[in-house]
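Structure first, commentary second.
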There are 2 protein chains.
Amino acid sequence: MARLKNPDTIRPLLLEVGLTLFAKRGYHGTGIKEIVDTAHVPKGSFYNYFKSKEEFGMEIIRWHSADFWQKWHSSIDANAADPLQALHDCFDIMLVEHIDCAVNTFCVVAHVAAEMCETSPECRITMKTLLDDMLRNVAGYIQKAQRLGLARSDADANELASLFWDTWTGSILRMKIEDSIEPVKQSVSLLFGRLLKK
Amino acid sequence: MARLKNPDTIRPLLLEVGLTLFAKRGYHGTGIKEIVDTAHVPKGSFYNYFKSKEEFGMEIIRWHSADFWQKWHSSIDANAADPLQALHDCFDIMLVEHIDCAVNTFCVVAHVAAEMCETSPECRITMKTLLDDMLRNVAGYIQKAQRLGLARSDADANELASLFWDTWTGSILRMKIEDSIEPVKQSVSLLFGRLLKK
DNA sequence: AGTCTTAAGACGACCGGTCGTTTATTAAGG
DNA sequence: CCTTAATAAACGACCGGTCGTCTTAAGACT
């Protein structure tokens with residue numbers, strides 16, 4: 001067998017580069033040539049690793065969300081005593097990723113997924129499943145905080161979780177338009193600092 | 001001159017169709033052929049009305065936001081006594097547009113703009129200006145409500161306005177993923193029903 | 001150990017199709 | 001009749017995807 005480069009590094013490399021470019025230019029705005037050129041991988045090799053561009057996009061969503069959950073859990077488990085603070089820490093960690101221009105956050109993936117939804121129903125289902133997991137998880141922590149009297153109880157935990165996600169996603173869009181990280185910082189701090197607290 | 005059709009109807013028609021398709025498939029995901037076919041306009045005619053696709057996109061943003069402001073003001077002026085209720089009414093009106101599948105809302109335009117930002121700095125500036133107008137306006141009403149004691153005063157009006165926008169925009173993305181209008185309904189009602197009130 | 005066989009991965013040229021855009025021709029109005 | 005907008009056809013560039021060739025290393029056999 002011929003193995004000039006290590007395939008175990010090329011595949012993740014393509015996924016990584018792909019996500020970064022998708023985050024910047026969008027799914028339809030990014031060509032495969034651009035991806036392989038950036039990754040210094042021949043175009044022909046791309047299809048040794050992925051069946052199609054759509055498959056590739058789906059794989060990015062799955063691959064990244066797995067990575068995301070790992071970080072999420074290791075972060076949120078570290079602060080089990082205060083569910084609200086634990087959530088806040090998670091968001092702060094994701095914020096740091098944005099500052100580092102890694103853009104590897106859950107919501108960027110959501111934007112990519114939304115772009116793919118129209119042509120790929122399968123993609124919509126995949127993303128919806130991940131979103132449901134995410135919302136259920138956040139809602140769980142909010143509910144805990146509510147029971148402990150740390151968070152307001154006049155609103156449903158599920159609805160609050162959705163609100164968090166919507167705000168976070170939306171602020172990323174505003175980040176693009178304002179060309180600044182401030183919107184994301186601001187909205188998240190407002191949510192945690194004022195609106196969620198009892 | 002040769003004028004088989006009225007140009008005053010074709011131009012708005014193209015803008016209308018363009019926005020609808022952009023909202024569904026995104027800027028890069030929509031071809032000019034698709035636009036002109038839907039509008040039953042010959043492809044060659046497109047460039048009689050618009051210099052380029054980018055110009056067209058920019059024009060959609062400007063044209064729609066003008067239309068948006070008109071509706072906005074006529075709606076918000078009708079209920080000057082209660083600034084909070086006035087805002088709420090505005091959001092409800094926009095919600096109805098979503099239900100009617102007209103998708104002609106400000107935030108859809110923002111998604112299109114965000115997609116164009118990468119290649120067109122001019123577009124970013126245009127959208128940012130409109131966004132600033134929007135946020136300043138909403139913040140103004142929130143501030144009024146705060147002074148009247150109708151809205152919570154423990155958070156800055158500008159920050160609350162931004163939060164509204166972020167949430168609204170984000171919920172539209174969730175709408176795509178969940179393939180349902182509920183997310184938009186839910187988030188807006190939560191904001192007005194619980195979080196903004198004193 | 002050395003040699004041969006074999007096949008999976010690397011690779012770039014290339015495919016048909018579609019993209020955004022231009023242009024040559026047509027036909028109507030002043 | 002001349003101007004000018006409308007339009008179909010055509011443009012080159014580029015898209016996602018395929019193809020055949022080349023390279024190289026693992027296993028078979030001596």
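No hydrogens, no waters, no symmetry mates; every other heavy atom, side chains included, goes into these values. Each chain gets a letter, A, B and so on, in the order its sequence line appears, and its residues count up from 1.
Checked against the 6.0 Å centroid criterion, the rings of A:F56 and A:Y49 do not qualify as a close aromatic pair.
Between A:W72 and A:W69, the two ring planes are perpendicular [angle over 60°; tilted spans 30° to 60°].
If you measure from atom CZ of B:F50 to atom P of D:dA5, you get 16 Å, rounded to the nearest angstrom. Between the CD atom of A:E55 and the P atom of D:dG16 there is a distance of 16 Å, rounded to whole Å. Note: CZ (B:F56) to P (C:dT21) measures 12 Å, nearest angstrom. A straight line from NZ of A:K53 to P of D:dT18 spans 15 Å, rounded to a whole angstrom. In this structure, the CD1 atom of B:I32 is 15 Å from the C1' atom of D:dC11, given to the nearest Å. When rounded to the nearest whole Å, the span between NE2 of A:H28 and P of C:dG20 equals 12 Å. Regarding A:N48, its CG atom lies at a distance of 13 Å from the C1' atom of D:dT21, rounded to whole Å. Look at CZ on B:R25: it is 11 Å from P on C:dC19, rounded to the nearest Å.
The side chain of B:Y49 has D:dA6 as its nearest neighbour among D:dA6, C:dT21, D:dG17. Closest to the B:S52 side chain, of the nucleotides D:dA6, D:dG17, C:dT21, is C:dT21. Here the nucleotide nearest the side chain of A:P42, chosen from C:dG12, D:dG17, C:dG9, is C:dG12. Checked against C:dA10, C:dT22, D:dG16, the side chain of B:Y47 finds its nearest nucleotide in C:dT22. Comparing D:dG16, D:dA6, C:dC19 by their closest approach to the side chain of B:K33 singles out C:dC19.
Checking each of A:D166, A:L160, A:L195 against B:L190 for a side chain to side chain contact (heavy atoms under 4.5 Å, CB included) leaves exactly one that passes, namely A:L160.
Here A:K43 lies in heavy-atom contact (under 4.0 Å) with a base.
Heavy-atom distances to DNA chain D give each of A:K51 and A:E34 a nearest nucleotide, and the one nearer the 5′ end belongs to A:E34.
Taking every heavy atom of both residues into account, A:G18 and A:I60 meet most closely at C-CD1, 3.7 Å.
An OP1 or OP2 oxygen of D:dA6 is reached within less than 4.0 angstrom by no side-chain nitrogen or oxygen of B:S45.
Here the straight-line distance linking atom CD of A:E115 with atom CD of A:E118 works out to 11.0 Å at 0.5 Å rounding.
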